[in-house]
Amino acid sequence: MKTTFSIIKADVGGCPGHAKVNEKLIELAKEKLKKAKEQGIIKDFFVTNCGDDLELIMTHDKGENNESIHGLAWNVFKEASELAKQLGFYGAGQDLLKDAFSGNVRGLGPGIAEMEFTERKSEPIVAFMMDKTEPGAFNLPIYRMFADPFNTAGLIIDPKLHSGFKFEVWDIKEHKRVFLNTPEEMYDLLALIGAKSRFVIKRVYPRSSLPEDEPVAVVSTEKLFQIAGEYIGKDDPVAAVRAQSGLPALGEVLEPFAFPHLVSGWMRGSHNGPIMPVANKQAKCTRFDGPPRVIAIGFQVKNGMITGHEDLFDDPAFDYARNKAQEIADYMRRHGPFEPHRLPLEEMEYTTLPKVMEKLKGRFEDVE
Ligand code: 13P
Ligand code: 13P
Ligand code: MG
Ligand code: MG
């Protein structure tokens, strides 16, 4: 019997503004998932938020893209949006871009990171959830976890990790994918994923000691502007990563976030800034609607049940990264509307900037 670990998330309304999910919406979601657990639709669940994104974490035995699991998440988001509307929360129903549910939530707005696997004797899994950024923000940390020996000591000293990993990379513009093996194709991989607004790591697969067709990491790659045709909010991504016993240790999975790397999506989805690793209680986006945040909740899963969990960045060990992120945030902010704080023009195409450019169109004159 395999276990499926599903993270399905959506921004269904913020309070206030785009800062945070209100407790009332979290309570509603918990109530709904509790009922679904009693009815046997899911085995277990955990509800949380990162900034203004409502995060449903569910364990079950129904596999990826399952209609009853996705339908459940969709209904929770719909009801939470209704409540958000009644309470006048900001951007109520923001990420629910289509009206009709037909089988699964792909292409409807919510972000999804799901993987089905054979449980090991002990199954540690980390759910990473980000706000005010985009799927490519996971490229650097996922690469470091599974391919960088300066991050993951196990790649060098544990024979079970020595053969490396297989990366599934998506070209989100051309809708194509490619599989690359590390360490031997590491330079090719970096050539792609360094361009994080276009090439994103979708999944990572093991190459020894674990079933090679079962992912060990998965990232949500939904792009909202491609569904909505315009900027309505950022594609704040989530990821699930399995750890230990033939995989990076828990500490190797968390280590990349000690470096608050620059990501896109801060303020109006239009700015670059550092990603700050924070505890769930600190995941409210205040300064210039940010800076971008990442939370990490660690789980132990046994027979499809969540037997324990921990808020992993709720730890002074990440204070230095948070302070560093503040310093970088300050430095970036002082550029105001200038690149590279503001995104390059090409990426601004999907924001509200083209409407400003339209106004000036008739005033451009030819020059020699
Ligand atoms: P595993 O071999 O179980 O992954 O243990 C390694 C470890 O945790 C060392 O820090
Ligand atoms: P969200 O995508 O988190 O809703 O943020 C939108 C935004 O424009 C914040 O400045
Ligand atoms: Mg929002
Ligand atoms: Mg958000």
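Every number for a ligand or one of its atoms is a count from 1 in the order of the listing. FYI, the numbering just counts along the sequence from 1.
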Salt bridge check, [Y] against [X]: does any charged N sit closer than 4.0 Å to a carboxylate O?
{"X": "Asp236", "Y": "Lys132", "answer": "no"}
{"X": "Lys43", "Y": "Glu119", "answer": "no"}
{"X": "Lys24", "Y": "Glu27", "answer": "no"}

- Query: So, Glu64 versus Thr4: side-chain donor-acceptor pair below 3.5 Å or not?
  - Reply: no

Worksheet item: Just checking, is any N or O donor in the side chain of Lys196 or Ser264 under 3.5 Å from an acceptor N or O on the other one?
Response: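 Short answer, yes.
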
Rounded to the nearest 0.5 angstrom, the CD-OG1 distance for Glu214 and Thr3 is 10.0 Å

Original post:
Got a sec: does the NE2 of His335 have more than 12 other heavy atoms crowding it under 6.0 Å?
Top reply: yes

Within the 4.0 Å heavy-atom shell around Gln94, which atoms of ligand 2 are there?
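Answer for ligand 2: 1 (P), 2 (O), 4 (O).
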
**OP:** Applying side-chain contact (heavy atoms from CB on, under 4.5 Å) between Phe77 and each of Asp95, Ile8, Leu108, Leu72, report the one that passes.
**Re:**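 One option only clears the test, and that one is Ile8.
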
Vertex the Mg ion (ligand 3), ends Asp52/OD2 and His18/ND1: angle to nearest 10° comes to 100°

In the protein, which heavy atom is nearest to [atom], and how far is it?
{"atom": "atom 7 (C) of ligand 2", "answer": "Tyr231 OH, 3.4 Å"}
{"atom": "atom 2 (O) of ligand 2", "answer": "Lys234 N, 2.6 Å"}
{"atom": "atom 3 (O) of ligand 2", "answer": "Lys132 NZ, 2.6 Å"}
{"atom": "atom 9 (C) of ligand 2", "answer": "Asp289 OD2, 3.2 Å"}

With the Mg ion (ligand 4) as the point of reference, which N/O/S atom of [X] is the closest?
{"X": "Asp131", "value": "OD1"}
{"X": "Asp53", "value": "OD2"}
{"X": "Asp236", "value": "OD2"}

Arg268-ligand 2 polar pair, N/O distance under 3.5 Å:
yes

Asp11 near the Mg ion (ligand 4) via N/O/S, less than 2.8 Å
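Given the 2.8 Å cut-off, Asp11 does not count as a ligand of the Mg ion (ligand 4).
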
Checklist entry - Where on Met267 is there a heavy atom closer than 4.0 Å to ligand 2, on the side chain, on the backbone, on both, or on neither? => result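 For Met267, the contact with ligand 2 is made by both the backbone and the side chain.
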
